[in-house]
Asks: 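Just passing along the structure, written as structure tokens.
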Amino acid sequence: MADETHRIETRADTAAEALIVQAAQASGESISSFVLRAACAEDRRVLARPDATLMPADQFDDLVASLDEPDEAPALRKAARRRRAYHESS
């Protein structure tokens with residue numbers, strides 16, 4: 001059973017249309033197929049999960065292991081010892 005299809009219409013200025021037609025012809029596709037393929041590639045890029053980071057397993061293991069090792073953080077320690085410029089009034 002074939003998926004139901006829907007019509008998507010768009011407007012383009014003369015220059016944009018000419019480039020789309022030229023690119024579709026160069027890739028051996030119909031204009032509709034070219035535009036749909038390009039839009040689908042872009043939608044995947046836009047909707048890619050920003051909360052996922054891909055990395056090799058050994059790099060991930062190193063990252064997790066580094067979280068278990070405390071950092072000296074000398075700049076943070078120095079900042080914590082400084083007198084506060086702002087004092088909350090009671």
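Just so you know, these numbers come straight off a predicted model, no measurement behind them. By convention here, the first residue in the shown sequence is residue 1.
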Asks: So, for Glu72 and Arg77, which heavy atoms are closest and what is the spacing to 0.1 Å?
Replies: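 What the structure gives for the nearest pair is O-NH2, 3.7 Å.
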Asks: Would the distance check show the side chain of Arg44 and the main-chain N or O of Cys40 forming a donor-acceptor pair, the cut-off being under 3.5 Å?
Replies: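 Yes, the answer is positive, given that a donor and an acceptor are paired below the 3.5 Å cut-off.
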Asks: Does CG belonging to Leu47 count more than 12 external heavy atoms closer than 6.0 Å?
Replies: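 Result for CG/Leu47: enclosed.
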Asks: How close do Glu17 and Ala12 get, counting heavy atoms only, and between which atoms?
Replies: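 Looking at all heavy atoms of both residues, the closest pair is N-CB, 4.2 Å.
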Asks: Which distance, rounded to the nearest 0.5 Å, do you find between the CZ of Arg45 and the CG of Asp43?
Replies: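 If I round to the nearest 0.5 Å, the distance is 10.5 Å.
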Asks: Of all the heavy-atom pairs spanning Pro70 and Asp68, show the shortest one and how long it is.
Replies: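 That would be CD-O, 3.6 Å.
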Asks: To the nearest 0.5 Å, how far apart are CD in Glu69 and CG in Leu67?
Replies: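 Here the interatomic distance stands at 9.5 Å.
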Asks: For Glu42, I'd like to know if atom CD has over 12 heavy atoms of other residues, nucleotides or ligands within 6.0 Å.
Replies: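 Counting other residues, nucleotides and ligands, CD of Glu42 exceeds 12 neighbours.
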Asks: Working to the nearest 0.5 angstrom, can you tell me the gap between Thr53 OG1 and Leu63 CG?
Replies: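 One finds 9.5 Å between OG1 of Thr53 and CG of Leu63.
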Asks: Rounded at 0.5 Å granularity, tell me how far CZ in Arg81 sits from CG in Leu76.
Replies: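 Nearest 0.5 Å value for the CZ-CG distance: 10.5 Å.
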Asks: So how far is it from Ser30 OG to Gln25 CD, rounded to the nearest 0.5 Å?
Replies: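 If I round to the nearest 0.5 Å, the distance is 11.0 Å.
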Asks: Determine, using the 4.5 Å side-chain heavy-atom cutoff (strictly less than), whether Phe34 and Leu36 are members of one ILVMFWY cluster.
Replies: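 Different clusters.
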